[in-house]
Amino acid sequence: MSGERRRRPDDPARRGWCPSLARPMPTGDGLLARVHPPLGVLSAAQLRAVAEASRRYGNGHVDITARGNLQIRGVSEGTAPPLAAWLADFGLADVRSDGGPQRLTLASALAGFDADEAIDVLALARAIEDVGLTVPGLPAKTLVAIDGGGRWGLGAAEADVFLSATGAARVAIGLASETGTDWCAEIAIDDAPAAVGRVLNAFVATGRRRVRDLGDSERVQLLTAHAEPSRASPSPLCGRGWTLRQQGSGEGSDGAEACGADLSPALSDGTLPRRGGRFFAGAPEPGLIALSSGLTAIIVEAPFGRCTADNLNAVAALQAGEASSSDVETHPRHSGAAQRNPEPTTGHCVSGGFRVLARSEPRNDGGESEDHHAGLGAAPASQDAIRLTPNRGLVLFVREDQAEPTRAALAAAGIITESADPRRAVAACPGAPACASGTTPVPRHAGELATAFAPFAARGLFAHVSGCAKGCAHPRKAGLTLVAEGGRYRVVLDGAPGDGGHAPSLTFEAALDRVRRADPAQSLAGAFGP
Ligand code: SF4
């Protein structure tokens, strides 16, 4: 690593970089090391280990990613190796060294607790993770989304391969396409890991990076690859009268004949099936969910996806029952208490604003403990485990009588615990000083904007505060985008960060004032007019 060329965050060579512990990614605040908890599940001890690692080997800031992984920021070339060794002692090491995905599957944050699920989602996910490790050359971003057919799902997951329960012990298998998901067939759940393995091997053979980018002939290869003779049956999701056709041939392919599957619409123009959109159930929103087990799930989100070591320690302690709301120092915004961190008060988690007083240090002496060495096959899935969600959040499981006090403690610390929290309608990157490309304190500005923007969010609009034109947090259109340039903001209405500004650049205070004075019933264009 020492001989590696340092790259700026916006270096094109960084595009597509999928960081791991062995291969951290350069950012504005040093190296970023990604931790991939098996199945997105951690014990309280593992979460404490991540928190302690971020303090020892990083700058104490931790991101929660959209795939339910953790990113330790502020790592250096000198601290990256001991960081990896520390986490390995807690069962959080990289699982492969060939550049393939460290974590292949994504499932509902409530998998295993959802009484409506038809299959054992976590068991299937473990089996597919095992199969994925046997596929050499798998692109690092490859993702298999698994839905158990329960009340809570993954929403609009951007995966490559989809598995969705269609009944007890059966799943539909689908491939990502430009417009949604091509559902291939329905197979027995026992056959699913091997079928996914065949699809992944066929995918590697195409040389593509994402399944959605496959050409039609390549897609046919994957559509047929999943099946062994006589194993698959037509998926009810494929609709009636669909049969696999080679592009332009008008004839059923050998693969379709072999498996007997009725896979794609018999369209006269030979086009492949396109079932637009996802059909997964929505992901759980922040709040409380009573589970049939008698427990209550507390769904929370990190504002703008960022947390601190202290935040994570607090979550771990509350989950483990080692702390109550009175043990947690509240965020200065709510308590008026002195803030340890000199940063201005913001709407997001800031270092030192949230500390649990009762905390036991994780072991790192090589000795055995109850859950330090949980590997893939033994990932904690019990009620004392914490889940990472695809919404950049966490799930705690507590007794019903502890649910409200625990939620109150988390909310007082600045963590999002309500679905109506206005910060959920604003995206924000780290900005300055965390990122070298930023010139403004983006998370603080985003927190302030969220309150003013709430009436527009109620109309379904979304806002984005970006530290530069790269737009890392939301590289797409938003109703209002503020793009930092030299300490001021370019205002983009209904556009992406790289689009032209709607008005001359403004200070943040001026832009905020215009949003505050805008009529929520009218277009924002009037507020930013000349
Ligand atoms: S958008 Fe934000 S995080 Fe991305 S390069 Fe620009 S300042 Fe850095």
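As the structure lists them, so they are numbered: ligands from 1, and atoms in each ligand from 1. Position 1 is the first residue of the sequence; numbering continues from there.
- With 2.8 Å as the limit, Cys429 counts as an N, O or S neighbour of atom 2 (Fe) of ligand 1.
- Using a cutoff of 4.0 Å between basic side-chain nitrogens and carboxylate oxygens, Glu52 and Arg48 are not scored as salt-bridged.
- With respect to the salt-bridge test (charged N to carboxylate O, under 4.0 angstrom), the residues Arg210 and Glu158 do not qualify.
- Taking backbone and side chain together, Cys435 holds an N, O or S atom under 2.8 Å from atom 8 (Fe) of ligand 1.
- For the residue pair Tyr489/Ser505, the side-chain donor-acceptor check at 3.5 Å is not satisfied.
- Annotation for ligand 1: atoms under 4.0 Å from non-hydrogen atoms of Ser466 are 1 (S).
- Shown in contact with Pro430 at under 4.0 Å from a heavy atom are these atoms of ligand 1, numbered in order with element: 3 (S).
- Using a 4.0 Å cut-off between charged side-chain N and carboxylate O, Arg212 and Asp160 make no salt bridge.
- Close contacts of ligand 1 with Gly438, meaning ligand atoms under 4.0 Å from a residue heavy atom, involve 7 (S).
- By the 4.0 Å N-to-carboxylate-O rule, Arg209 lies too far from Asp213 to be salt-bridged with it.
- Atom numbering of ligand 1 starts at 1 in the shown order; those under 4.0 Å from a heavy atom of Gly471 are 1 (S).
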